[in-house]
Amino acid sequence: GESVGLHLPTLSVQEGDNSIINCAYSNSASDYFIWYKQESGKGPQFIIDIRSNMDKRQGQRVTVLLNKTVKHLSLQIAATQPGDSAVYFCAESSGGNKLTFGGGTRVLVKP
Amino acid sequence: DTEVTQTPKHLVMGMTNKKSLKCEQHMGHRAMYWYKQKAKKPPELMFVYSYEKLSINESVPSRFSPECPNSSLLNLHLHALQPEDSALYLCASSQEGGRQDQPQHFGDGTRLSIL
């Protein structure tokens, strides 16, 4: 989701449960979307991407869903593990090498 | 481990100093980027180089000067920075210039502190 102010939205999830992270975008011309994971002290790490001609794409333990009608993107993580604890950013592009990032969501995995 | 290497990892400098941040990738990528990231915020695009030419400057102050000596290297020259410029500076690369549908791969950044 989008962050407001100085605090990141936080999703607390029990280890082994599934996580769903949501992202809203506003540019109807956006046609490429990507999710990144950023751990403390590191740069954003590519997780999965999706083009606007698709509504679902699966990777290893992750699924991205795109709903262009309501301009909504989500990342599902199956069987969440402690190593999944991080900040997750969605990003969108409408052209020319330029990505626009969402505000980020912190995921905390409880043992 | 990231395939985009940034040096130094940490940098402390005074407002009158001149320093440079360096970024290197050997993936054959032809687009390279500089981003600035403040705490608890998403990365903000500063510059894009496509085929070694500056293609995007997001109205960045002139105290930041990018340079792309070749397709593998990207520098960010810093001069007369302000305390508010303290941030994590991230470099990224992607396979082709001018393409919007390819992932950008990030380095782990340089943590910059301005005294």
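Hydrogens, waters and symmetry mates are skipped; everything else that's a heavy atom, side chains included, is used.
Of the listed residues (B:S55, B:G97, B:S94), the one with the most heavy-atom contacts under 4.5 Å to chain A is B:G97. If you tally non-hydrogen atom pairs under 4.5 Å between each of A:R106, A:R51, A:E39 and chain B, the highest count goes to A:R51.
Shown here is B:K38, whose NZ atom has more than 12 heavy atoms of other residues, nucleotides or ligands within 6.0 Å. Counted within 6.0 Å of NZ on A:K68, heavy atoms from surrounding residues, nucleotides or ligands total more than 12; the atom is thus considered enclosed. By the neighbour-count criterion of 12 heavy atoms within 6.0 Å, atom CD of A:Q60 is sparsely surrounded, having that number or fewer from other residues, nucleotides or ligands. By the neighbour-count criterion of 12 heavy atoms within 6.0 Å, atom CZ of B:R111 is sparsely surrounded, having that number or fewer from other residues, nucleotides or ligands. Within 6.0 Å of CE in B:M15 there are 12 or fewer heavy atoms belonging to other residues, nucleotides or ligands.
Within the 4.5 angstrom heavy-atom criterion, only side-chain atoms of A:Q38, from C-beta onward, approach chain B. With a threshold of 4.5 angstrom between heavy atoms, A:S94 approaches chain B through N, CA, C or O but not through any side-chain atom. Interface remark: A:F33 contributes no atoms to any contact with chain B (heavy atom separation under 4.5 Å). The contact between B:S50 and chain A is made entirely by side chain atoms (from C-beta outward), counting heavy-atom distances below 4.5 Å. Interface remark: B:Q6 contributes no atoms to any contact with chain A (heavy atom separation under 4.5 Å). In this structure, the portion of B:Q102 lying under 4.5 Å from any heavy atom of chain A is its backbone and not its side chain.
Across every non-hydrogen atom of A:Y32 and B:P103, the tightest pair is OH-N, 3.0 Å. For B:Q104 against A:I34, the heavy-atom pair with the smallest separation is N-CD1, 4.4 Å. Across all their heavy atoms, A:P44 and B:P43 have their closest contact at CG-CG, 4.2 Å. Nearest heavy atoms, B:D108 versus A:G43: OD1-N, 3.0 Å.
By the criterion of side-chain heavy atoms lying less than 4.5 angstrom apart, applied directly or through intervening Ile, Leu, Val, Met, Phe, Trp or Tyr residues, B:F106 is not grouped with B:W34; the two fall into different hydrophobic clusters. The hydrophobic cluster containing B:Y49 does not contain B:Y33, counting ILVMFWY residues as joined when their side-chain heavy atoms lie under 4.5 angstrom apart, directly or transitively. A:V87 and A:L108 end up in different hydrophobic clusters when Ile, Leu, Val, Met, Phe, Trp and Tyr side chains are linked at under 4.5 Å. The cluster map of Ile, Leu, Val, Met, Phe, Trp and Tyr, joined by side-chain heavy atoms under 4.5 Å apart, puts B:I56 and B:L90 in the same cluster. Clustering ILVMFWY residues whenever any of their side-chain heavy atoms sit less than 4.5 angstrom apart, transitively, puts A:L73 in the very cluster that holds A:I77.
The OH atom of A:Y36 lies 7.0 Å from the NE2 atom of B:H105; values are rounded to the nearest 0.5 Å. Distance check: B:Q37 CD to A:F101 CZ gives 8.5 Å after rounding to the nearest 0.5 Å.
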task: Starting from the C-alpha separation in whole Å, work towards a yes-or-no answer on side-chain contact (heavy atoms from CB on, under 4.5 Å) for A:K98 and B:L45.
output: CA-CA 8 Å; A:K98 188 171 176 177; B:L45 183 65; 3.8 Å; yes

